[in-house]
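Some notes on the structure that comes next.
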Amino acid sequence: MTGPRVRFAPSPTGFFHVGSARTSLFNWLFARQSGGTFILRVEDTDAERNREEWHEGILTAMAWLGLDFDEGPFLQSDLLADHAAAAAALLANGYLYACDCTREQIDERIKGNAKPGYDGHCRDRHVARTDRTALRFRVPDVGVTVVPDMVRGDVAFPHDSYEDFIVVKSNGAVLYPLANLVDDRSMRVTHVIRGEDLLPTTPKQVMMWEALNHCVGVDPVAHPFYAHLPMLVNEQRKKLSKRKDPVAIESYRDQGYLASALVNYLALLGWSPHGDEEIVPLTTLVAQFRLEDVSHSPAFFDVKKLTHINGEYIRQLSAADFIAASAPWVAPWLGDWHPTDRDVPWTREQFSDSLYERVAPLVQERVTTLGEIPAMVRFFFVDDVAIDDAAFDKAIGGDPVGQALLADAVAAFETIEWSAATLHDTTTALGEARGLVLRKSQAPIRCAVTGTLVGPPLFESLELLGRDVTLARLRAALDRARS
RNA sequence: GGUCCCAUCGUCUAGUGGCCUAGGACAUCACCCUCUCAAGGUGGAGGCACGGGUUCGAAUCCCGUUGGGACUGCCA
């Protein structure tokens, strides 16, 4: 395997969110279009904030999105010895020094300094390494470090804007910048594709990578290329927050977004396929994706557009695929996964596979998410249609003509041939006899049978529902109107 | 405050010096279709942040201004 090697390195500090998904997707696309290797490495070294369920969330979300990895999942916590060895080499070669300053002492000393940050107090004090000293990296006083970035070009950072940052905590824990880079070295990562928020820490990593290459006893490794992806932001143009913004991938899955639609939409955030078509198959994404074409500016995560794309994907499904895809929402007892915190409005006994198969095509082109289906087909499966009060008043209760038409329908529907076409023609005739166009005459019937004024095509629905149920509901509505 | 990044319709973007009277998509508005609601069709409104250069010619290159953002932890 000689292609590029990329990795997605999330930390399990919360549910898997759309920003992570986008980063993961871009890594995956790059690997797949270049015949490279996609590695998953879970950076779980901050024990305080890590939880087993978050780790699992990463795996299930990536599997759902179809982002398969070639190596891993590696756990960073299994690689601690490598980090310690790298830190030791850096220390032995003079790149690191021990510092016993406390935060308070530093703040006191640097108060009023023109240059913010640590003042290098311990640089040449030759403090002994103990469990009360941290290890700092000796940042050169002059010069710049250049980060080669495939989306932004070379970015130069002046050394004098960096303090001697801490690399190893006093308790011996190696911090993210070094740990992350050591793993990238050992995994021979060639392209580091990640969020733009990491750009300012990249010079630290480049400096340490270079330092490591000069340590005796350490094999030099070529620097990776970097690609810093623009942030995903909310309406306030702030970086997406796990706490404040609706970003959990799992919640989109629960709502009934298709993985393929989400992937397609995510790819459009900071990049776009050639031509005018935005809804394109995954193969096109893979074929056309280029890091060099990634946009430089932040992108707003627009649920409205995601929803539109999801609707397109739903309508593209074959009838059978739509039925299968919607099963978790209409018959959650069937599969091994179903959305959480969503109650189906009918019981397992009330639901009917064969009926749903005939109902499904009626709603497939009307929903934008699979989660909308139950409310739309509820009246097919439950006995109590729970007529909406406002709808009832409008079409039946407060409309004498509507009421009369309902009575006409009860009489006529008892004997006519039970087909959508006949129901349609009969209702049209009934309405015309009372001076109503079909859009008016269908309303009371729709209301009585489905409970609302909006829904799937009425006459097809009645045909599927059957004569007995239809008549019972029409009579019930009449009774309610007369009481 | 410091360092860095960014700047095309409300939003996501195309555009890499002449093909731009700035294209597409979402959202929005109007109309058509229609048994409701959708879907679909047609059309409309809507943008190069500002100011200087460079050039025969700039949305595209340079500088400045303004505005936004990220980072600035013994988190990752």
Side-chain angles (χ1 to χ4, degrees), chain A residues 9-13 43-46 48-50 76 99 101-103 113-117 132-136 147 149 151-152 155-158 160-163 165-173 175-177 179-180 195-203 228 230-231 233 235-239 265 268-279 293 295-309 311-312 315 363-368 372 376 391 395 420 423-424 427-428 431 437-443 445-447 450 452-461:
Chain A
S11 58
T13 57
E43 309 214 322
D44 59 345
T45 49
D46 185 358
E48 295 266 313
R49 291 166 46 183
N50 288 170
Q76 190 164 57
C99 166
C101 299
T102 64
R103 188 70 246 174
N113 275 13
K115 184 190 161 186
R132 294 176 56 86
T133 61
L135 256 30
R136 289 181 182 274
V147 174
D149 192 292
V151 342
R152 280 151 225 284
V155 186
F157 295 83
D160 63 11
S161 65
Y162 284 91
E163 62 175 1
F165 54 90
I166 292 178
V167 175
V168 183
K169 302 210 291 185
S170 50
N171 70 4
L175 260 12
Y176 165 80
N180 176 263
E196 190 195 349
D197 49 345
L198 270 329
L199 184 54
T201 77
T202 308
H228 287 95
M231 298 273 74
V233 299
E235 245 165 332
Q236 286 75 44
R237 309 303 299 180
K238 302 265 200 248
K239 152 175 148 174
Y265 176 64
L268 263 23
L269 259 21
W271 181 81
S272 65
H274 307 161
D276 282 343
E277 215 48 58
E278 291 189 320
I279 298 184
D293 295 338
S295 129
H296 296 189
S297 27
F300 170 60
F301 185 83
D302 186 359
V303 179
K304 283 207 189 82
K305 183 153 180 172
L306 201 212
T307 302
H308 172 265
I309 291 177
E312 296 265 355
R315 273 172 260 126
V363 296
Q364 179 171 2
E365 64 179 23
R366 295 184 153 67
V367 297
T368 53
E372 295 165 16
M376 204 171 278
L423 284 159
H424 175 277
T427 304
T428 303
V437 293
L438 187 54
R439 57 173 286 125
K440 285 290 189 185
S441 55
Q442 58 89 39
I445 299 172
R446 176 184 295 279
C447 180
T450 74
T452 75
L453 261 15
V454 301
L458 182 60
F459 305 112
E460 284 77 356
S461 298

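Note that these values count all heavy atoms, side chains included, but never hydrogens, waters or copies made by symmetry. In what follows, chains carry the letters A, B, and so on, assigned in the order in which the sequence lines appear, proteins first and then strands, with residues in each chain numbered from 1. The structure presented is a predicted model; accordingly, all values stated were derived computationally and were not measured.
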Inset, instruction - Scan every strand shown for a Watson-Crick or G-U wobble partner of B:G40, both distances under 3.5 Å, and answer none if you come up empty. - result: B:C32

Inset, instruction - Could you encode protein contacts along nucleotides 24-35 of chain B as a string, one character per nucleotide from 5' to 3', using B for base contact, S for sugar-phosphate-only contact and - for no contact, with a heavy-atom cut-off of under 4.0 Å? - result: BBSS-------B

Inset, instruction - Please measure how far the C1' atom in B:G10 lies from the corresponding atom in B:C5, and state the result in whole Å. - result: 24 Å

Inset, instruction - Check whether any side-chain N or O of A:K238 sits under 4.0 Å from OP1 or OP2 of B:A70, and answer yes or no. - result: no

Inset, instruction - Using atom types as modelled and distance alone, determine if a side-chain donor or acceptor of A:R446 lies under 3.5 Å from a backbone N or O of A:P456. - result: yes

Inset, instruction - With RNA chain B as reference, determine whether A:V151 or A:F301 sits nearer its 5' end, using the nearest nucleotide of each. - result: A:V151

Inset, instruction - Could you tell me whether A:G117 contacts a base, only the sugar-phosphate backbone, or nothing, with contacts defined as non-hydrogen atoms closer than 4.0 Å? - result: nothing

Legend entry - Pairwise side-chain contact, A:W271 with A:V151, heavy-atom cut-off 4.5 Å (strictly under): no

Legend entry - Rounded distance (Å) that lies between atom P of B:A7 and atom CD of A:E196: 10 Å

Legend entry - Whole angstrom value for the distance that separates P of B:C12 from CH2 of A:W271: 18 Å

Legend entry - Separation between the P atoms of B:A25 and B:A14, rounded to whole Å: 15 Å

Inset, instruction - Return the nearest nucleotide to the side chain of A:R103; candidates are B:U3, B:C6, B:C74. - result: B:C74

Inset, instruction - Ignoring backbone atoms, establish whether A:H296 has a side-chain N or O less than 4.0 Å from OP1 or OP2 of B:C5. - result: no

Inset, instruction - Determine the contact category for A:L269: base if any of its heavy atoms lies under 4.0 Å from a base atom, sugar-phosphate if only primed atoms, P, OP1 or OP2 are that close, otherwise nothing. - result: sugar-phosphate

Inset, instruction - Round to a whole Å and report the spacing from CD of A:E235 to P of B:U11. - result: 10 Å

Legend entry - Sugar-phosphate, base or nothing in reach of A:S272, heavy atoms under 4.0 Å: sugar-phosphate

Inset, instruction - Could you measure between the two C1' atoms, the one in B:U11 and the one in B:C74, and give it in whole Å? - result: 42 Å

Legend entry - Audit row: A:F301, A:L306, side-chain contact (heavy atoms from CB on, under 4.5 Å) steps and yes/no: CA-CA 8 Å; A:F301 185 83; A:L306 201 212; 4.1 Å; yes

Inset, instruction - Pick base, sugar-phosphate or nothing for A:L453, based on heavy-atom distances below 4.0 Å to the nucleic acid. - result: base

Inset, instruction - Please report, rounded to the nearest Å, how far the C1' atom of B:U36 is from the CE atom of A:M376. - result: 11 Å

Legend entry - Distance, rounded to the nearest Å, where A:L175 contributes CG and B:C75 contributes P: 6 Å

Inset, instruction - Give a yes/no on whether any side-chain N or O of A:R315 is located under 4.0 angstrom from OP1 or OP2 of B:A38. - result: no

Inset, instruction - Would you indicate what A:A156 reaches in the nucleic acid, counting non-hydrogen atoms under 4.0 angstrom: base, sugar-phosphate, or nothing? - result: sugar-phosphate

Legend entry - 5′-ward residue of the pair A:Q236/A:R132 relative to RNA chain B: A:Q236

For residues 165-172 of chain A, which side-chain donor-acceptor pairs fall under 3.5 Å, sequence neighbours excluded?
from: A:N171; atom 1: OD1; to: A:A173; atom 2: N; distance (Å): 2.9

Inset, instruction - Between B:U8 and B:C4, how far apart are the C1' atoms? Round to whole Å, please. - result: 23 Å

Inset, instruction - For A:K239 and B:C6, give me the distance from atom NZ to atom C1', rounded to whole Å. - result: 16 Å

Inset, instruction - Find the distance A:F300:CZ to B:A7:C1' and express it as a whole number of Å. - result: 18 Å

Legend entry - Close side-chain approach of A:E278 to A:E312, heavy-atom, < 4.5 Å: no

Inset, instruction - Take A:Y176 and A:T45 through the side-chain contact (heavy atoms from CB on, under 4.5 Å) test and state the conclusion after the steps. - result: CA-CA 8 Å; A:Y176 165 80; A:T45 49; over 6 Å; no

Inset, instruction - Figure out the CZ/P separation between A:F165 and B:A76, and round it to whole Å. - result: 14 Å

Legend entry - Watson-Crick/G-U partner (both atom distances under 3.5 Å) of B:U11: B:A25

Inset, instruction - Between B:U66 and B:G23, how far apart are the C1' atoms? Round to whole Å, please. - result: 29 Å

Inset, instruction - Kindly point out which of B:C4, B:C6, B:A76 is positioned nearest to the side chain of A:F157? - result: B:C4

Inset, instruction - May I ask which nucleotide in the shown strands pairs with B:G18, Watson-Crick or G-U wobble, both distances under 3.5 Å? - result: B:C56

Legend entry - A:E365 side-chain proximity, nearest of B:C74, B:A38, B:C12: B:A38

Legend entry - Separation of the P atoms in B:G2 and B:C61, to the nearest angstrom: 27 Å

Inset, instruction - Would you mind classifying the nucleic acid contact of A:C101 as base, sugar-phosphate or nothing, using non-hydrogen atoms under 4.0 angstrom? - result: base

Inset, instruction - Compare every heavy atom of A:T427 with every heavy atom of A:S441, then report the nearest pair and how far apart it is. - result: OG-O, 3.8 Å

Inset, instruction - Scan A:T201 against the nucleic acid and name what it touches under 4.0 Å (heavy atoms): base, sugar-phosphate only, or nothing. - result: base

Inset, instruction - Take atom P in B:C29 and the same atom in B:C37, then report the distance between them in whole Å. - result: 15 Å

Inset, instruction - Indicate the atoms forming the closest heavy-atom contact of A:M231 with A:D197, along with that distance. - result: CE-OD1, 3.6 Å

Inset, instruction - To the nearest 0.5 Å, tell me how far A:I279 CD1 sits from A:H308 NE2. - result: 6.0 Å

Inset, instruction - Could you measure between the two C1' atoms, the one in B:G73 and the one in B:G15, and give it in whole Å? - result: 42 Å

Inset, instruction - Please check the phosphate of B:G10 (OP1 and OP2 only) for any side-chain N or O of A:R237 closer than 4.0 Å. - result: no

Inset, instruction - Assess whether atom CZ of A:R237 is packed by more than 12 heavy atoms of other residues, nucleotides or ligands within 6.0 Å. - result: yes

Inset, instruction - Report the base-pairing partner of B:C71 (Watson-Crick or G-U wobble, both distances below 3.5 angstrom), or none. - result: B:G2

Inset, instruction - Under 4.0 Å between any heavy atoms, over every strand shown, what does A:A443 touch: base, sugar-phosphate, or nothing? Just pick one. - result: nothing

